[in-house]
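Heads up: the structure comes next, in structure tokens.
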Amino acid sequence: MRTGLRLGLVVMAAMFGGSDLASAQAPKIKLGYAKCAHCLPMSLIPGMAKSVEVEATGFNSGNDVLTALVSKSIDVAQVTYLHYITALDKGFDVVAVSGQINGGSECLSSAKLSLPPEDWATFKTTVAKAKSDGQPLKVAASRGNAQDIHMRGAFLKQGVDPNKDIQFINIPNPSDHLAALQRGEVDMICSVEPFASQIRLAGAGKHFVLPYEQAAGNLTNLIVTRSDVVASQRAGVQGVVSAVVELDNKLITDKGPWIEVINKLTGLDRNVATEALKNASPDPAIHRSQTLAIAAMMRDLKYISKDVSAEAEKNMDYSFLEQATGKAKNDLGY
């Protein structure tokens, strides 16, 4: 009877406590993401990840997320291709495991500038005159974010040196961009969605250009981790990457959850969120050749101090994407 009782208790434990046991054994991953339109869907990963317990935390900027990753406060980070290159330049241990969503950058001019949209010739004339008058144009962005590099690369391609021809203003938190334009503190700002759409819809700034005419194109978000996490938490990282791929596939066909999460986490209304998504493209691939071009551009811009092309290619791990998609790396941006 005692043996039978013990067997019965084991069976009951398996029936009623199995989920708790599985939960206790599931890998746990701390995930960080930035608060922008194309970043905020990462907040949905905990509810989509399978066989992994994900704790997701939002940060004001990609710079803050990268700092949390390298200081080992989090395990996996949604940053940008530009943060990836910057981290390698500084000797940090980062491994790229997936793309996420691209786009989200827009340069907006103040009304007083009277700058026609897409008119680089007028912009260059305006820059040259302001510089010769001893009052160079004040152009703002959040230094180190994708929008900053997109803007600098686009300017340089047009013959405007962002280090010499303009006065750069760093506004770290993108949610402060609207107020800076409204107060007349800057002449132009390269902001991130949904704050760029907020600026336009509020009439605080006018569309000038989507700054994708440079080596980075519209590449923006990248999912990275550290080599120690890959070694010790491989199943957890795989769970996150698989969830990112699944989420991207859903967002391509249904923007509803995306709009809802922007509205919920930023407080911006649905009209702003809907407008912001016109400048965003889900894409889990890791684009190798463009990443190497980005590294070269960032060196030309003196944003990094050395050539990190070899490290950038070496630290791309396509194995997680391959498992999540069933595709070979040559079909995933390699």
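Y33 has its ring centre no less than 6.0 Å from the ring centre of F59.
Remark: the N218 side chain and the N102 side chain contain no N/O donor-acceptor pair separated by less than 3.5 Å. Residues S105 and Q147 have side chains that bring a donor and an acceptor to within less than 3.5 angstrom of each other. No side-chain donor from either of N163 and Y303 sits under 3.5 Å from a side-chain acceptor of the other. No hydrogens or angles considered: a donor-acceptor pair under 3.5 Å links the side chains of N173 and S175.
Under a cutoff of 6.0 Å and an axis angle of 45°, R226 and F92 do not form a cation-pi pair.
Environment of CD in E55: sparse, with no more than 12 heavy atoms of neighbouring residues, nucleotides or ligands closer than 6.0 Å. Within a 6.0 Å radius of NZ in K302, no more than 12 heavy atoms belonging to other residues, nucleotides or ligands are found. Residue Q323 qualifies as open at atom CD: its count of foreign heavy atoms under 6.0 Å is 12 or below. Residue Q135 qualifies as open at atom CD: its count of foreign heavy atoms under 6.0 Å is 12 or below.
Atoms NZ and CE, from K35 and M42 in turn, are 15.0 Å apart once rounded to the nearest 0.5 Å. Rounded to the nearest 0.5 Å, atoms CD1 (I262) and CG (L268) are 8.5 Å apart. Note: Y81 OH to M298 CE = 14.0 Å, rounded to the nearest 0.5 Å. Summarising the geometry, atom NE2 belonging to H177 is positioned 9.0 Å from atom CG belonging to L181; distances are rounded to the nearest 0.5 Å. In this structure, CG on L321 lies 4.5 Å from OG on S98, to the nearest 0.5 angstrom. Between the OG1 atom of T86 and the CG atom of L66 there is a distance of 8.0 Å, given to the nearest 0.5 Å.
In the hydrophobic clustering of ILVMFWY residues, with side-chain heavy atoms under 4.5 Å counting as a link, M48 and V52 come out together. Residues L265 and I45 share a single hydrophobic cluster, defined by chaining ILVMFWY side chains whose heavy atoms lie under 4.5 Å apart. Taking hydrophobic clusters as Ile, Leu, Val, Met, Phe, Trp and Tyr residues chained together by side-chain heavy-atom distances below 4.5 Å, L332 shares a cluster with V97. Using a 4.5 Å cut-off between side-chain heavy atoms of Ile, Leu, Val, Met, Phe, Trp and Tyr, with links allowed through other members, L137 and I199 fall into different hydrophobic clusters. Grouping the Ile, Leu, Val, Met, Phe, Trp and Tyr side chains by contacts below 4.5 angstrom, directly or via other members, places F195 apart from I189.
Side chain of E53 to backbone of A26: no donor-acceptor contact under 3.5 angstrom is found. Judged by distance alone, the side chain of Q214 and the main-chain N or O of A216 form a donor-acceptor pair under 3.5 Å. In this structure, the side chain of N249 engages the main chain of V245 through a donor-acceptor pair within 3.5 Å. Judged by distance alone, with hydrogens and angles left aside, the side-chain atoms of T220 form a donor-acceptor pair with the main-chain N or O of G103 at under 3.5 Å. Although no hydrogens or angles enter the test, the distance criterion places a donor-acceptor pair under 3.5 Å between the side chain of N221 and the main chain of H38. Between the side chain of D283 and the backbone N or O of I101 there is no donor-acceptor pair closer than 3.5 Å. The closest donor-acceptor contact from the side chain of Y318 to the backbone of I286 lies under 3.5 Å. When atom types are taken as modelled, the side chain of H207 and the backbone of L108 share no donor-acceptor pair closer than 3.5 angstrom. For D75 (side chain) and L31 (main-chain N/O), no donor-acceptor pair under 3.5 Å exists by modelled atom type. Put simply, the side chain of Y84 never gets that close to the backbone of V79: no donor and acceptor are under 3.5 Å apart.
Salt-bridge formation is not detected for the pair E185/K138: no Lys NZ or Arg NE/NH1/NH2 atom is positioned less than 4.0 Å from an Asp or Glu carboxylate oxygen. Between R200 and E193, at least one side-chain nitrogen of the basic residue sits less than 4.0 Å from a carboxylate oxygen of the acidic one, meeting the salt-bridge criterion. For D165 and K131, the salt-bridge test passes: some basic side-chain N is under 4.0 Å from an acidic carboxylate O. At a threshold of 4.0 Å, the pair K250-E246 counts as salt-bridged, since one of the basic side-chain nitrogens sits closer than that to a carboxylate oxygen.
Using a 4.5 Å heavy-atom threshold, the side chains of V94 and T225 count as separate. In this structure, I171 and I169 have side chains that are in contact, with non-hydrogen atoms separated by less than 4.5 Å. Residues E311 and V308 form a side-chain contact, since some pair of their non-hydrogen atoms from C-beta on lies under 4.5 Å apart. Within the 4.5 Å cutoff, the side chain of E106 has no heavy atoms near those of the V209 side chain. Residues M188 and F208 have side chains in contact (heavy-atom distance under 4.5 Å, counting atoms from C-beta outward). Side-chain contact between V139 and V186: absent, with no pair of heavy atoms (C-beta onward) separated by less than 4.5 Å. Counting heavy atoms from C-beta on, the side chains of I85 and T291 come closer than 4.5 Å.
What you find for A111 and K206 is that their closest heavy atoms are CA-CD, 4.4 Å. Closest non-hydrogen pair, A34 versus G62, comes out as CB-N, 3.8 Å. Of all heavy-atom pairs between V272 and S197, the closest is O-CB, 3.9 Å. A37 and W258 make their closest contact through O-NE1, 2.7 Å (heavy atoms, listed as atom of the first residue, atom of the second, distance). Taking each heavy atom of T80 and A146 in turn, the nearest pair found is CG2-CB, 3.9 Å. Residues L156 and D161 come closest through the heavy atom pair CD1-CA, 4.3 Å.
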Test log, rule side chain to side chain contact (heavy atoms under 4.5 Å, CB included), inputs F320 and V95: CA-CA 11 Å; F320 299 99; V95 180; 6.0 Å; no

Check the pair E313, S309 against side-chain hydrogen bond (donor to acceptor under 3.5 Å, both in side chains), reporting the backbone distance first and the verdict last. CA-CA 6 Å; E313 185 166 4; S309 300; over 6 Å; no

Evaluate F168 against M151 for side chain to side chain contact (heavy atoms under 4.5 Å, CB included), listing each step before the verdict. CA-CA 11 Å; F168 177 75; M151 176 269 290; 3.9 Å; yes

Run the side-chain hydrogen bond (donor to acceptor under 3.5 Å, both in side chains) test on R234 and S319 for me, step by step, so that the C-alpha distance in whole Å, both residues' side-chain angles and the decisive distance to 0.1 Å come before the verdict. CA-CA 11 Å; R234 186 169 189 88; S319 63; 2.5 Å; yes

Assess the residue pair C107 and C190 against the criterion (side chain to side chain contact (heavy atoms under 4.5 Å, CB included)); give the C-alpha distance rounded to whole Å, side-chain angles, the decisive distance to 0.1 Å, and a yes or no. CA-CA 4 Å; C107 292; C190 194; 3.2 Å; yes

Determine, step by step, whether D307 and R299 satisfy the side chain to side chain contact (heavy atoms under 4.5 Å, CB included) criterion, reporting the C-alpha distance in whole Å, the side-chain angles of both residues, the deciding distance to 0.1 Å, and the verdict. CA-CA 7 Å; D307 182 6; R299 192 178 181 194; 3.4 Å; yes

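For the side-chain contact (heavy atoms from CB on, under 4.5 Å) with R152, the lone residue among L301, I166, V160, L82 that qualifies is L301.
Aromatic ring pairs are classed by plane angle as parallel below 30°, tilted from 30° to 60° and perpendicular above 60°; the pair F155 and F123 is tilted.
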